[in-house]
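To start, the structure itself, in structure tokens.
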Protein chains: 2
Amino acid sequence: MEEKDTCDVICVHEDEVKDVKSKMLEDEFLFEVSDNFKVFGDSTRLKIMYALSQRDLCVCDLAAVLDMSQSAISHQLRVLRSKNLVKFRRKGKMAYYYLADEHVVSMIELCVEHTKERY
Amino acid sequence: MEEKDTCDVICVHEDEVKDVKSKMLEDEFLFEVSDNFKVFGDSTRLKIMYALSQRDLCVCDLAAVLDMSQSAISHQLRVLRSKNLVKFRRKGKMAYYYLADEHVVSMIELCVEHTKERY
DNA sequence: CTTCCATATGAATATCTGATCATATAAATT
DNA sequence: AATTTATATGATCAGATATTCATATGGAAG
């Protein structure tokens, strides 16, 4: 299976490696999972989501809450939309954003808890 | 409170903003939370942790399981150690790594579940 | 104490990411 | 229709990050 004994991997324990390899999830799937974590791994996006967990807000208000530029917020909202973490409804010129579902809230809550407990 | 009406933030809804601001968690804390998520937001690190959730492994075996260089793995293990997500015990020349606690496992499991459910 | 080998790490590089700036779009108001 | 204003977005740039390469460290065994 392995063609590459070329270089550094010398001390491999064949059986254990084979065992764990068989239990590993698909590369593609784990990439997707890490990609999901990544969205939460930026404090601006996390703050946006946390703010939205309090109440729906328009872009301007989010900018005010986070004390950041409208553009910066808008760019991050785009990311959050692309990951289906937030949605929005138009009301006149404004766009009111809200969290897409409960998963988002529970993800944040869990990591908040873990962060509190672990340190 | 805001000295900066300078530029773009024009349409702020004072009350809602004030309300959400009062409910926001500390900047510093949310930064820490996002920083924790960030560690899980890289597929190499996630794979390492997932592999270790199956059984303790030495660096070489991890490299074999992930099919990556020893150096790359070692660098990422350093990151994981610095965040107290993994620990290791020496056995001769080798270092056997293992997950630091159950939090790590449950974090991964949760996001795996969410990823499965959401798409 | 020298060699061997598993692991660690510093430096360099390439890629990615987030903020800014300038500008475009789109809805409301005149 | 022209203007205003809330939001979106493309381009750019700076800083962060992951891998590689070369080398160092540290324990084992001779």
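Here is the naming used below: chain letters follow the sequence lines, and residue numbers restart at 1 for every chain. Hydrogens, waters and symmetry mates play no part in the numbers below; they use all other heavy atoms, side chains included.
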Within residues 47-57 of chain B, residues whose heavy atoms come under 4.0 Å of DNA chain D
none
Provide the full list of ring-ring contact (aromatic ring centres under 6.0 Å, His included) pairs with a residue in residues 62-94 of chain B, sequence neighbours left out, each pair given once.
Phe88(B)-Tyr97(B)
Taking only N and O in the side chain of Tyr97(B), is any of them less than 4.0 Å away from OP1 or OP2 of dA6(C)?
no
Rounded to the nearest angstrom, tell me the gap between atom CZ in Arg81(B) and atom C1' in dT9(C).
10 Å
Nearest-Å distance for atom pair CG/C1', residues Leu80(B) and dT17(D)
14 Å
Across all chains, not counting sequence neighbours, the ring-ring contact (aromatic ring centres under 6.0 Å, His included) partners of Phe37(B) are Phe40(A)
If you check the Arg78(B) side chain, which of dT17(D), dT17(C), dT9(C) turns out closest?
dT9(C)
Using atom CZ of Phe88(A) as one end and atom P of dA6(D) as the other, report the distance to the nearest whole Å.
17 Å
Tell me, for nucleotides 19-30 of chain C in 5' to 3' order, what letter each nucleotide earns: B for a base near a protein heavy atom under 4.0 Å, S for only sugar-phosphate near one, - for neither?
SBBB----BS--
ILVMFWY clustering at 4.5 Å (side-chain atoms), partners of Phe31(A)
none
Supply the members, apart from Tyr96(A), of the Ile/Leu/Val/Met/Phe/Trp/Tyr cluster built from side-chain contacts under 4.5 Å; use none for a lone residue.
Met94(A)
In this structure, how many angstroms lie between the C1' atom of dA29(D) and the CE atom of Met94(B), rounded?
15 Å
